[in-house]
Amino acid sequence: MFKVMVHVTLKESVLDPQGSAVKKSLHTMQYEEVQDVRIGKYMELDIQADSEQAARARVTEMCEKLLSNPVIEDYEIQIQECPQQVTGG
């Protein structure tokens, strides 16, 4: 079992109006040290797979087909192997 964290963000070349609005609000609140804000989304998936490589391949496919819009978004995948659960009996 693997826990997969997926971070999806707009590509640098794509305007981020939500990020711009947050940056403007932060500046209004006197947080003027903030130079830029990019808004994205974060997902966690628990995946049953034979290996980390197999889990990564499946999640990459999911990102390309559903979890992100590859035309305007980038994604980053992080994988952690979950310890095996021991069942009592």
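- Cluster membership check: Val8 does not share its hydrophobic cluster with Val71, using side-chain heavy-atom separations under 4.5 Å among Ile, Leu, Val, Met, Phe, Trp and Tyr.
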Determine, step by step, whether Asp46 and Met1 satisfy the side-chain contact (heavy atoms from CB on, under 4.5 Å) criterion, reporting the C-alpha distance in whole Å, the side-chain angles of both residues, the deciding distance to 0.1 Å, and the verdict.
CA-CA 7 Å; Asp46 293 333; Met1 177 77 80; 4.0 Å; yes
Kindly list each side-chain donor-acceptor pair under 3.5 angstrom involving residues 52-64, sequence neighbours excluded, with atom names and distances?
from, atom 1, to, atom 2, distance (Å)
Arg56, NH1, Ile77, O, 3.4
Thr60, OG1, Arg56, O, 2.8
Glu64, OE2, Tyr75, OH, 2.5

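- Put simply, the side chain of Lys23 gets close to the backbone of Gln35: a donor and an acceptor are under 3.5 Å apart.
- Taking CG of Asp36 as the reference point, atom CG of Asp16 lies at 8.0 Å (rounded to 0.5 Å).
- The two residues Glu12 and Arg38 make their nearest non-hydrogen contact at CA-NH2, 3.8 Å.
- At a threshold of 4.5 Å between side-chain heavy atoms, the hydrophobic network of Ile, Leu, Val, Met, Phe, Trp and Tyr places Val34 and Val22 in one connected group.
- Following chains of ILVMFWY side-chain contacts shorter than 4.5 Å, one can reach Leu66 starting from Leu45, so the two form part of one hydrophobic cluster.
- The 12-atom threshold is not exceeded at OH of Tyr31, counting heavy atoms of other residues, nucleotides or ligands nearer than 6.0 Å.
- Shown here is Lys24, whose NZ atom has no more than 12 heavy atoms of other residues, nucleotides or ligands within 6.0 Å.
- Rounded to the nearest 0.5 angstrom, Phe2 CZ and Ile79 CD1 are separated by 7.5 Å.
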Derivation and outcome, side-chain contact (heavy atoms from CB on, under 4.5 Å), residues Lys3 and Glu81:
CA-CA 6 Å; Lys3 180 168 288 296; Glu81 186 169 0; over 6 Å; no
Starting from the C-alpha separation in whole Å, work towards a yes-or-no answer on side-chain contact (heavy atoms from CB on, under 4.5 Å) for Met43 and Leu67.
CA-CA 9 Å; Met43 292 161 266; Leu67 301 179; 3.7 Å; yes
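- Two residues are said to be in side-chain contact when any heavy atoms from C-beta on lie closer than 4.5 Å; Val37 and Ile39 meet this criterion.
- In this view, Val14 and Leu10, Lys11, Ile72 satisfy the side chain to side chain contact (heavy atoms under 4.5 Å, CB included) rule, not counting sequence neighbours.
- Summarising the geometry, atom CD belonging to Glu44 is positioned 6.5 Å from atom CE belonging to Met5; distances are rounded to the nearest 0.5 Å.
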